[in-house]
Amino acid sequence: MRLNAYLARAGLASRRGADALIKAGKVTVNGHQGQLNDQVTDDDEIKIDGRLVQEQKPRYILLYKPAGYVSTLADPQGRPKVTDLIDISERVAPVGRLDFNTTGALLLTNDGQLAHKLAHPSFEIDKVYEAKVRGKITPEILNKLSIGVEFDGRVSAPAKAKALPDNVVELTIHEGKKHQVKKMLAAVGLPVVKLRRTKYGPLTLAGLKPGQWRELSPGEISNLLQ
Ligand code: URA
């Protein structure tokens, strides 16, 4: 397989991230500097920065992200990271992002191929959010949200929008643009005061409290890809 796919499969980076490591000259294959089009097998000795790349056990984790954590792997401001909450030896990375103060369902894995598939817009995985908002939620606004609203010079794809008690909008979208829910709701005059993702595809938060996580079952992993 290609060198970048090998590194992604080992959970070390996305394929694009792996390409960047290769271009930066950090990867060696059997002692020679790795090239973007190198083909490798498990018999090759591959190192990053001189450290041997070892096959990791694939891990698939559903975290109930609490507020006050970043979902990036590094934070220039040194804020707490979601991966600080997961005490395992494999290096998992979040699939997509939730904002610092957004809570809810976040999938983390070291399976680069699965992460790549799920994060791709063509995959259209449904994500359900509950947004507590300021302002009056009207049927017209819900209708607008479901048809599509303009933000950042584009129009959102059709979505499902429903009013819940306590001035909460439940929004189901399959896109994942940065701050999408907050931007869609701001565009219809409903600024978000609190945001929680209650579902990621078929995965719900049942049985988890903020900060807790669990491993997915093989059935859940294959359901994600349906
Ligand atoms: N949309 C947002 O605005 N924020 C999130 O964290 C997720 C979706």
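Remember, it's 1-based here, ligands and their atoms both numbered in the order they're listed.
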With a 4.0 Å cut-off on N to O distance, would you call D152 and K183 a salt bridge?
yes
Cationic N near anionic O, under 4.0 Å, K182 to D99
yes
Find all protein N or O atoms under 3.5 angstrom from an N or O atom of ligand 1 and list the pairs with distances, or write 'none'.
from     : atom 1 : to   : atom 2 : distance (Å)
ligand 1 : 1 (N)  : V181 : N      : 3.1
ligand 1 : 3 (O)  : H179 : O      : 3.3
ligand 1 : 3 (O)  : V181 : N      : 3.4
ligand 1 : 3 (O)  : K182 : N      : 3.0
ligand 1 : 4 (N)  : D99  : OD2    : 2.8
ligand 1 : 6 (O)  : D99  : N      : 2.7
ligand 1 : 6 (O)  : D99  : OD2    : 3.4
ligand 1 : 6 (O)  : T102 : OG1    : 2.9

Results of side-chain hydrogen bond (donor to acceptor under 3.5 Å, both in side chains) for D166 - residues two or more places apart only:
none
Checking side-chain polar atoms at under 3.5 Å, does D111 have a donor or acceptor matched by the opposite partner on Y60?
yes
With no hydrogens and no angle check, just 3.5 Å: does a side-chain donor-acceptor pair link Y64 and R214?
no
For K132, I'd like to know if atom NZ has over 12 heavy atoms of other residues, nucleotides or ligands within 6.0 Å.
yes
